[in-house]
Student: 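Before anything else, here's the structure in question.
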Amino acid sequence: MKFRVIIEQDEDKNFIAQCSNLPGCISQGKTRQETIKNIKDAIQGYLESLKKHNEAIPPAIEEEMVEVYA
């Protein structure tokens with residue numbers, strides 16, 4: 001499954017990642033690579049918890065990049 005993850009850098013230069021279609025699924029790291037690893041672990045744990053509690057897994061978000069001229 002693929003999930004959309006938003007990664008931002010905070011004022012202390014740490015990276016924060018969140019998965020918008022999994023409410024509360026947030027992680028962080030000192031580098032982008034560490035943050036990506038951490039959010040993957042967080043998503044996996046989130047999905048395992050949903051399965052354990054017999055809750056539905058939200059569908060992955062389909063995403064397209066479009067180019068516009070401004």
Student: Atom SG in Cys25, atom CD1 in Ile39: separation rounded to 0.5 Å?
Tutor: 4.0 Å

Student: Taking only residues two or more places apart in sequence, or in another chain, which ones meet Glu67 in a side chain to side chain donor-acceptor pair (under 3.5 Å)?
Tutor: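 Glu67 satisfies side chain to side chain donor-acceptor pair (under 3.5 Å) with Tyr69 once adjacent residues are dropped.
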
Student: Could you tell me the separation between the CD atom of Gln9 and the OG1 atom of Thr31, rounded to the nearest 0.5 Å?
Tutor: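 Atom-to-atom, Gln9:CD and Thr31:OG1 are 10.5 Å apart.
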
Student: Side chain to side chain contact (heavy atoms under 4.5 Å, CB included) for Ile6 and Arg4? Distances and angles first, verdict last.
Tutor: CA-CA 7 Å; Ile6 298 170; Arg4 182 172 183 249; 3.9 Å; yes

Student: Find the distance between CG (Leu47) and CD (Gln44) and round it off to the nearest 0.5 Å.
Tutor: 6.0 Å

Student: Measure from the side-chain N and O atoms of Tyr46 to the backbone N and O of Gly24, and report whether any donor-acceptor pair falls under 3.5 Å.
Tutor: no

Student: Scan the side chains in residues 10-22 for donor-acceptor partners under 3.5 Å anywhere in the protein, sequence neighbours excluded, and list what turns up.
Tutor:
from  : atom 1 : to    : atom 2 : distance (Å)
Asp10 : OD1    : Asp12 : N      : 3.0
Asp10 : OD1    : Lys13 : N      : 3.1
Asp10 : OD1    : Asn14 : N      : 2.8
Asn21 : ND2    : Pro59 : O      : 2.9

Student: Mind listing the closest non-hydrogen atom pair of Asn38 and Ser27 along with its distance?
Tutor: CB-OG, 3.0 Å

Student: Applying the 4.5 Å side-chain criterion to the ILVMFWY set and letting contacts propagate, would Ile43 and Ile57 be lumped into a single cluster?
Tutor: yes

Student: Let me check something: do Ile26 and Ile36 share a hydrophobic cluster, defined by ILVMFWY side-chain heavy atoms less than 4.5 Å apart, either directly or through other members?
Tutor: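 Different clusters: Ile26 never reaches Ile36 through Ile, Leu, Val, Met, Phe, Trp or Tyr contacts under 4.5 Å.
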
Student: Once salt bridge (Lys or Arg N to Asp or Glu O under 4.0 Å) is applied, do any residues pair with Lys51, and if so which ones, sequence neighbours excluded?
Tutor: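 Here no residue qualifies.
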
